[in-house]
Asker: 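Before we start, here is the structure in question, set down as structure tokens.
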Amino acid sequence: MPPNPLKGLATLVVDPYAAVAYWQRALRLPNPGEGSLPKAVAGKRVVVTGASSGIGRSAAERIARAGGEVVLVARRRAQLEEVADGIAAEGGTAAVHTADLSNPADVERVAEEILATHDGIDILVNNAGHSIRRWISDSYDRPRDFEITINLNYLAPVRLVLAFLPGMRERRHGHVVNISTLGVLAGPPRFSAYLASKAALDMFTRSIASEVIGDGVHATTIYMPLVRTPMIQPTRAYDNVPALSIDEAARMITRAIVNRPREVTPLPGMASRMMYPLAPKAADRLVGTVVRLLSDEEKEPLGGGAAEA
């Protein structure tokens, strides 16, 4: 099938790296980065949260195929075991550890369990997350929404970092990959709980990065754009919005593991980052107007839908 220029252009907007990969595949060009993942992960123990489905599953499978020893973490044991069985069938190595990451006690339990079972962790991919899409006027009596997102999107990754970071620094190598969202840079309405939790994780990562890099430990934030997963299906406003596929999002993670950048920022995020300090009120009005035009209250339930974690 010949390449689709429109898809190539749309992908360029949300993720330039994915656009390059798209044209390489479409035109059958060699990808000079394909062979570097095994070098980055072979023989290393890699924790991936939210690994039972979607982006986390795809990333874990790619890491395992490249020789990484994957530690799968999520709530659903049956789905995790299915992923682990598939990895084993291809000759890879995967371990299953279930946990409810929104429960602080369960996060600490699973971290202790992982450290007791495996000989240290080399790479941590904090992928699990939950989004709530709701107007602030519909959140006045719902402080629980903010507590849930803070526990899962911020405090759970922090607890895992605190558990695994000492070993990384002692061995003088390691990598923490935190999945944020493009929304942190754009600040769209209806995501106050979600974006606040991700912004907290961003600042945590930014602060520790300068402390640990001298010990051979790297920290990466990926500002993930919209991804075409079942989570966004209830939100009809996303039907015609450019979005990455699950595999393209997983490749963003594996490229980050290979290159270990401080951050991965798609083009719209760079534009938002430059525009907001120059004209914050104009940016607020522009983003608010666009979101209201895209919203379709008749097709989606109040507060319904979810964005990528």
Side-chain angles (χ1 to χ4, degrees), residues 46-60 70-84 95-115 117 121 124-134 136 138-165 176-181 183-184 190-205 208 221-222 224 227 229-235 249 253 301-309:
V46 184
V47 171
V48 181
T49 67
S52 60
S53 63
I55 300 169
R57 174 174 183 164
S58 181
V70 184
V71 180
L72 309 171
V73 179
R75 289 177 301 168
R76 301 171 292 181
R77 176 170 292 277
Q79 286 87 341
L80 283 180
E81 290 178 347
E82 178 185 331
V83 178
V96 168
H97 293 271
T98 58
D100 178 359
L101 297 179
S102 66
N103 182 333
D106 213 25
V107 178
E108 295 186 2
R109 176 200 59 78
V110 79
E112 293 175 1
E113 181 182 287
I114 290 171
L115 287 173
T117 307
I121 296 303
L124 168 63
V125 179
N126 280 312
N127 166 74
H130 177 67
S131 174
I132 296 175
R133 184 173 185 265
R134 182 173 287 116
I136 192 63
D138 298 314
S139 302
Y140 295 157
D141 59 349
R142 300 181 63 95
R144 178 65 176 158
D145 290 350
F146 296 82
E147 295 170 1
I148 291 172
T149 53
I150 281 290
N151 280 335
L152 179 55
N153 298 345
Y154 172 56
L155 293 178
V158 167
R159 286 187 168 91
L160 293 177
V161 170
L162 296 178
F164 302 145
L165 191 57
V176 175
V177 180
N178 289 329
I179 310 304
S180 186
T181 171
V184 167
R190 303 187 71 175
F191 291 101
S192 54
Y194 178 56
L195 297 184
S197 64
K198 288 295 190 178
L201 182 61
D202 283 4
M203 286 297 100
F204 169 80
T205 311
I208 69 169
T221 297
I222 299 178
M224 189 68 73
V227 182
T229 69
M231 280 204 306
I232 70 171
Q233 287 179 354
T235 307
I253 294 174
L302 183 65
E308 268 321 300

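For the numbers below, each heavy atom of this structure counts, side chains included, while hydrogens, waters and symmetry mates do not. The first residue in the sequence is number 1, and the count goes up from there.
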Asker: Looking only at heavy atoms, which two atoms of R76 and S52 are closest? And how far apart?
Answerer: NH2-OG, 2.9 Å

Asker: When rounded to the nearest 0.5 angstrom, what distance separates CG in L152 from OH in Y154?
Answerer: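 It is 14.0 Å, given to the nearest 0.5 Å.
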
Asker: Got a sec, which residues hit side-chain contact (heavy atoms from CB on, under 4.5 Å) with D202, two or more places apart in sequence or on another chain?
Answerer: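 With neighbours one apart ignored, the set is S180, V184, T221, Y223.
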
Asker: Only pairs at least two apart or in different chains count here, so list each salt bridge (Lys or Arg N to Asp or Glu O under 4.0 Å) that has a residue in residues 49-58.
Answerer: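 Residue pairs passing salt bridge (Lys or Arg N to Asp or Glu O under 4.0 Å), neighbours aside: R57-E61, R57-E82.
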
Asker: Considering all heavy atoms of both residues, which atom of A84 and which atom of V96 are nearest to each other, and what is their separation?
Answerer: CB-CG2, 3.7 Å

Asker: Heavy atoms only: give me the nearest P157-L201 pair and the separation to one decimal.
Answerer: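 That closest heavy-atom pairing would be CB-CD1, 3.8 Å.
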
Asker: Please report the closest heavy-atom contact between V46 and V125, naming both atoms and the distance.
Answerer: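 Heavy-atom minimum between the residues: CG1-CG2, 4.3 Å.
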
Asker: Please output the side-chain donor-acceptor pairs of residues 106-114 that fall under 3.5 Å, not counting sequence neighbours, one pair per line with the distance.
Answerer:
| from | atom 1 | to | atom 2 | distance (Å) |
| --- | --- | --- | --- | --- |
| D106 | OD1 | R109 | NE | 2.6 |
| D106 | OD1 | R109 | NH2 | 3.1 |
| D106 | OD2 | D100 | N | 2.6 |
| E108 | OE2 | R159 | NE | 3.4 |
| R109 | NH1 | E113 | OE1 | 2.9 |
| R109 | NH2 | T98 | O | 2.6 |
| E113 | OE2 | H97 | ND1 | 2.5 |

Asker: Who pairs with V161 by side-chain contact (heavy atoms from CB on, under 4.5 Å), at least two apart in sequence or on another chain?
Answerer: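 Result, side-chain contact (heavy atoms from CB on, under 4.5 Å) vs V161: L124, N126, L165, V176, F204, I208.
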
Asker: Could you grab the distance from atom OG of S102 to atom CD1 of I150, nearest 0.5 Å is fine?
Answerer: 13.0 Å

Asker: Measure the spacing between NZ of K198 and OG1 of T149 and express it to the nearest 0.5 Å.
Answerer: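 Output value for this atom pair is 10.0 Å.
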
Asker: With T49, which residues qualify under side-chain hydrogen bond (donor to acceptor under 3.5 Å, both in side chains), at least two apart?
Answerer: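 For T49 there are no side-chain hydrogen bond (donor to acceptor under 3.5 Å, both in side chains) partners, ignoring immediate neighbours.
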
Asker: Can you name the nearest heavy-atom pair linking A60 to L72, along with the distance?
Answerer: CB-CD2, 3.6 Å

Asker: List in chain and number order the residues that pass salt bridge (Lys or Arg N to Asp or Glu O under 4.0 Å) with D145, two or more places apart in sequence or in another chain; answer none if no residue qualifies.
Answerer: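 In terms of salt bridge (Lys or Arg N to Asp or Glu O under 4.0 Å), with neighbours along the sequence ignored, D145 is linked to R134, R142.
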
Asker: Just to verify, what does S192 make a side-chain contact (heavy atoms from CB on, under 4.5 Å) with, not counting sequence neighbours?
Answerer: I136, F146

Asker: Go through the steps for N127 and I55 under the test side-chain contact (heavy atoms from CB on, under 4.5 Å), then give the verdict.
Answerer: CA-CA 8 Å; N127 166 74; I55 300 169; 3.9 Å; yes

Asker: Roughly how far apart are L101 CG and N153 CG, rounded to 0.5 Å?
Answerer: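 Atom-to-atom, L101:CG and N153:CG are 10.5 Å apart.
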
Asker: Not counting sequence neighbours, which residues clear salt bridge (Lys or Arg N to Asp or Glu O under 4.0 Å) with R77? List them please.
Answerer: E81

Asker: Quick one: side-chain contact (heavy atoms from CB on, under 4.5 Å) partners of I148, sequence neighbours excluded?
Answerer: H130, R144

Asker: Which heavy atom of V83 sits nearest a heavy atom of A51, and at what distance?
Answerer: CG2-O, 3.7 Å

